[in-house]
Each structure stands twice: as C-alpha cells, then as structure tokens.
**Student:** 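Have a look at the structure that comes next, please.
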2 protein chains.
Amino acid sequence: MTAEARPAAPPLTERQEARRRSILQAGAQLAGRGGFEAVQMREVADAAGVALGTLYRYFPSKVHLLVALMQDQLQHLHASLRRRPTAGDDAAERVAATLMLAFRALQREPHLADAMVRALTFADRGVSPEVDAVSRLTTAIVLDAMGVEDPTQEQLSVVRVIEHTWHSALITWLSGRESIAQVKGDIETVCGLIDLPADTRR
Amino acid sequence: MTAEARPAAPPLTERQEARRRSILQAGAQLAGRGGFEAVQMREVADAAGVALGTLYRYFPSKVHLLVALMQDQLQHLHASLRRRPTAGDDAAERVAATLMLAFRALQREPHLADAMVRALTFADRGVSPEVDAVSRLTTAIVLDAMGVEDPTQEQLSVVRVIEHTWHSALITWLSGRESIAQVKGDIETVCGLIDLPADTRR
DNA sequence: AACGAGTCTGAAACTTGTTCTAGATTAGCG
DNA sequence: CGCTAATCTAGAACAAGTTTCAGACTCGTT
C-alpha cells in the first residue's frame, strides 16, 4: 500500500534545488539513450552524484522522476510558446500546428520521449498529482493555441479528447505501430472537433 | 512494418490448450483482485498449476500475458456484439453506445481493467504484434458499430482517434483523474467526428 | 561554538520480473 | 514397445526497483 501524503512541498535550499536539477538532468541523459528501460535508478543516482536513498527522497519512484522530467520539458515549451505563439488562421490549425511542433521536438529525442510518455501513461494513482500537473500544463498549452480564456464545458471535453489522442498517438508511434504521418493525420483529425458546431453533441 | 520473428504458431495439443487457458484464467483472477501489480508471475504459475518456466514459455512476459487477456475479452465482446449489435440511429450514436457498453463491463471489474489497459499502453516494441491484434479487434468492433465495410482513409483516421481516446480515457479514469461521467462525455465528443463532413479535414 | 533536527551517504536487504539448468515427463513415430 | 525431441518441473540465480539502517554531515538556532 503506497498511500502517502503530500503536505505542501517544503521550500528547498539552494543545494537541494541543485541536487534536484542534477538528478533530473542525469535522468534526461540516461533516458536520451535507451528510453524508459535505460533509466536505472542506481545509474541515475551515480550520474547525479547522489546516494540512492537521496534520489528516492527527491523522487519517490522512477515514474515520479520521469513525469517530473516531462513536466519540466512542458514548462519550457509553454514558456517558449508564450513568447512566440504558433500562427494559423483558425483555432484548429493553430492547435494542430502547436502539437506538431511538440511532436517534432519529441522526434529529435525519441528515447527521451519514450521514457517520459511511457511513464506518464503507466503512472498509477500514487502519481496522480504529478500526472495531473502535466495534464494541466498540456491543457493550458492547447487552450492558449485555441485562443480561449474561459473555456466552456464542451471546449474542455474537446481539449481532453485532444490530449487523449495526443498521448495515445505518441504511445502508438513509440511502439512502432503508427507512422509519423499517421500521427500527424490523427492530430489533424481530432483538431477537427474544435470548430465543430455544438449540435452533434449530447 | 512490424518486423519480428513469429514462425507461425505451432499447433497446440489439447493439454497445452488447457494449460494456456488455465494460465489466462489464473491471470484474470489475480488481476481481478489488485490490478496490474497483483498479477505476480510466481502466483500466476502457482494458481495455474504450472512451473514458472512453463508460464514464460506460453507468455514471454507479464505484459504479453495481460495483453493476451485483453485480446480474449475483446474476442468475447466482438462475438457478443455480432450476435446482438448495439442499436442507434446514426453511426456516432451506435459507436458511442458500443463503447459505453464495453466501459460498463470494465467498471464491473476495475482491477482487471487496470491490469489489461496498463499493460496495453505500457507494452514496448517487443509486444507490438500482440498489441496490434488487440488494436485490430477494437477497430473491427468500432467499424461494425459504424456499419462500415470498406472504410476510407478518413474513416480509418477517425477510428484511430476514437481508439486513442478510448484507451487514454480509460487510463485517466483508472488513475482516478477523470470521472465516469467525463469518460462518457469524452467518448460522445470524439464520436462527433464520425458524421463530420470532410471539409474540415486535410 | 555547541546543539538538535533534518538530510545525506554507503551498503545491504528485500521484492518481483526474468533467465537458466538439470533432471523428469510426454508426444509422436518407427 | 522403445527411441528421440520437445516439453515440463523445481529450484536456483540474476536484474532492477524499492526499502532500510547506521553513521556522517548541514543548517538554523542559541
């Protein structure tokens, strides 16, 4: 039973912040080689110059670590998109273009993508808060691309479906069962939901 | 392009068929309790009355076993749906109703669902052929519900998106981040793609 | 500067998926 | 029936995620 409490993150000292970053970087490096399986906790600890127990104090499991990595990347992406939003005539186009941008970034480091995405979908209830943070970030990115401030329930459902498609299409691509072109097609297809008149719903 | 070595399944003898079923049943039983984590290979072997090595001869990994389980269940569902197809006025309604039927079945055994779905999305390239079989089955079920014999490329893409949403929504529900009602909404939303005029595409 | 709480280290231990091995059993076949 | 190859069994062994523990260290406080 891995029941646990998250009693409001204690503020980290500088050295601790540095350790955390060092661990994340070590994780990213190992993930960048062999993907999910290549991220071995002992090696991460070694590469980060930290004891195994310390690694586990910062990230209570391998999945936590990799989800944190994804959160990191998404924050960078989000910031970068805020600075220079994707262009496009309508919302659907902009969202599709934004996701394809992210997809191209993942293609540059397929192993890293493997580690992060597999961790994300494999995560169990014990990682829910962290996965939720990732999900909120993704939602924010998509809503930004849509140009929506105050989404309706319908819009939120559409965004959820887009995120579902996004994650699952990545998984399918990573396991070699779907081509890059197909993923692109899926993204464009699902984005067709965005400007859909609401009479098909409910 | 699923390159791999599957030298045409050797025909199983009766005893072997029985062993296989026994293993699957043991797996289902254990999964029915604690989900993915509760399916421990030693326990499966014990419960199935088979040596560990034999279990691994039949299913080369835990994920293989659980994916085979899902394939089993889907075959039953498919057969049952062939006998009595889901009613509904248009394709979108029928597909949504069919998926909700399956969803309700999964809700009756959430732990089993957890084991099967997590295995499915966690599967790596080594399990691709098996996962692909599951995917083909799901596609067949959805196409049946749509009433389509010879799908176009567009329709196939829509079906893929529906499957993506289906899997990912299940994952999200299983990890407690999305409610049953939300999953229902997501399914209905994505099914809105089915009767969409093709001018939003490409 | 000394103290005490919390943190970090190094190493061992434990768990569960997976592999390996030597010997028994079974199946198909002449 | 007797042979041979394949299969099965019991059990040890290995790999990697996770836990645990005793002792060293750090930081904020006094």
Side-chain angles (χ1 to χ4, degrees), chain A residues 1-5 7-23 26-27 30-31 33-69 114-115 118-119 122-127, chain B residues 7-23 26-27 30-31 33-69 115 118-119 122-127:
Chain A
M1 214 90 43
T2 41
E4 47 140 348
L12 300 186
T13 74
E14 265 183 61
R15 295 169 58 87
Q16 288 177 322
E17 197 53 61
R19 264 193 210 104
R20 197 189 127 92
R21 260 193 293 279
S22 169
I23 292 173
L30 288 171
R33 304 211 215 305
F36 186 88
E37 318 182 346
V39 180
Q40 305 201 349
M41 299 303 268
R42 279 172 253 254
E43 287 193 33
V44 173
D46 270 9
V50 118
L52 193 53
T54 306
L55 169 51
Y56 273 96
R57 166 183 286 273
Y58 281 80
F59 301 96
S61 79
K62 172 169 168 172
V63 167
H64 279 88
L65 169 60
L66 292 174
V67 169
L69 243 180
D114 175 80
R118 297 254 305 282
F122 187 58
D124 67 357
R125 301 180 107 85
V127 201
Chain B
L12 300 186
T13 74
E14 266 182 58
R15 295 169 57 89
Q16 286 177 322
E17 196 55 60
R19 263 193 210 104
R20 198 189 128 90
R21 260 193 293 280
S22 170
I23 293 174
L30 287 171
R33 305 213 214 302
F36 186 88
E37 317 182 346
V39 179
Q40 305 200 350
M41 298 304 266
R42 281 170 251 256
E43 288 192 35
V44 173
D46 270 9
V50 117
L52 193 54
T54 305
L55 168 52
Y56 273 95
R57 167 182 286 272
Y58 282 80
F59 301 97
S61 80
K62 173 169 167 171
V63 169
H64 279 87
L65 169 60
L66 292 174
V67 170
L69 243 179
R118 298 255 303 283
F122 187 59
D124 67 356
R125 302 180 106 85
V127 202

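Residue numbering restarts at 1 for every chain, and letters A, B, ... go by the order of the sequence lines.
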**Student:** Over all strands shown, is B/V63 touching base, sugar-phosphate only, or nothing at heavy-atom distances under 4.0 angstrom?
**Tutor:**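 B/V63: no heavy atom of the nucleic acid under 4.0 Å.
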
**Student:** Which residues within residues 46-60 of chain B lie with some heavy atom under 4.0 Å of an atom in DNA chain C?
**Tutor:**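 Of all residues in residues 46-60 of chain B, the ones placing a heavy atom under 4.0 Å from DNA chain C are B/L52, B/Y56.
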
**Student:** Rounded to the Å, how far apart are B/L65 CG and C/dT16 P?
**Tutor:**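 It works out to 17 Å between those atoms.
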
**Student:** Rounded to the nearest 0.5 Å, what's the gap from CG on A/L30 to CD on A/E37? Could you check?
**Tutor:**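 Going from the CG atom of A/L30 to the CD atom of A/E37 covers 13.0 Å.
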
**Student:** Please name all residues satisfying salt bridge (Lys or Arg N to Asp or Glu O under 4.0 Å) with B/R42, sequence neighbours left out, ordered by chain then number.
**Tutor:**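 B/R42 satisfies salt bridge (Lys or Arg N to Asp or Glu O under 4.0 Å) with no other residue.
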
**Student:** If I take atom CG from residue A/D124 and atom CZ from residue B/R118, how far apart are they, to the nearest 0.5 angstrom?
**Tutor:**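 Answer for the CG-CZ pair, A/D124 versus B/R118, is 5.0 Å.
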
**Student:** Let me know, please, whether A/R42 or B/V39 comes out on the 5' side of the other along DNA chain C by nearest nucleotide.
**Tutor:**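 Closer to the 5' end of DNA chain C: A/R42.
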
**Student:** Round to a whole Å and report the spacing from CD of A/Q40 to C1' of D/dC14.
**Tutor:**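 Rounded to whole Å, this separation is 13 Å.
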
**Student:** Measure from CE on A/M41 to C1' on C/dC14 and round the result to the nearest Å.
**Tutor:**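 Answer to the nearest Å: 16 Å.
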
**Student:** What pairs of nitrogen or oxygen atoms, one from the protein and one from nucleotides 26-28 of chain C, lie under 3.5 Å apart?
**Tutor:**
residue	atom	partner	partner atom	Å
C/dA27	OP1	B/R15	NE	3.4

**Student:** To the nearest Å, how far apart are B/R20 CZ and D/dT7 P?
**Tutor:**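 Atom-to-atom, B/R20 to D/dT7, this comes out as 15 Å.
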
**Student:** Find the distance B/L30:CG to C/dT16:C1' and express it as a whole number of Å.
**Tutor:**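 So the two atoms are 14 Å apart, to the nearest Å.
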
**Student:** Is there a donor-acceptor pair under 3.5 Å between the side chain of B/K62 and the backbone N or O of B/F36?
**Tutor:**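 At least one qualifying donor-acceptor pair exists.
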
**Student:** Specify the separation, in whole Å, of atom NE2 of A/H64 and atom P of D/dG17.
**Tutor:**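 Rounded to whole Å, this separation is 15 Å.
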
**Student:** Given D/dG17, D/dT7, C/dT18, which nucleotide is nearest the side-chain atoms of B/Q16?
**Tutor:**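 When the side chain of B/Q16 is considered, D/dT7 is the closest of D/dG17, D/dT7, C/dT18.
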
**Student:** Show me the side-chain donor-acceptor pairs of residues 44-59 of chain A shorter than 3.5 Å, one per line, residues at least two apart or across chains.
**Tutor:**
none

**Student:** Are the side chains of B/L66 and B/L69 in touch, meaning some heavy atoms are under 4.5 Å apart?
**Tutor:**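 Yes, close enough: below the 4.5 Å cut-off.
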
**Student:** To the nearest Å, how far apart are B/K62 NZ and D/dA16 P?
**Tutor:**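 Checked: the NZ to P distance equals 17 Å.
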
**Student:** Quick one: list whatever passes salt bridge (Lys or Arg N to Asp or Glu O under 4.0 Å) with B/E17, sequence neighbours left out.
**Tutor:**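 So B/E17 forms a salt bridge (Lys or Arg N to Asp or Glu O under 4.0 Å) with B/R21.
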
**Student:** Using whole Å, what does the distance between atom P of nucleotide D/dG17 and atom CD1 of A/I23 come to?
**Tutor:**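 Rounded to the whole Å, the gap is 15 Å.
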
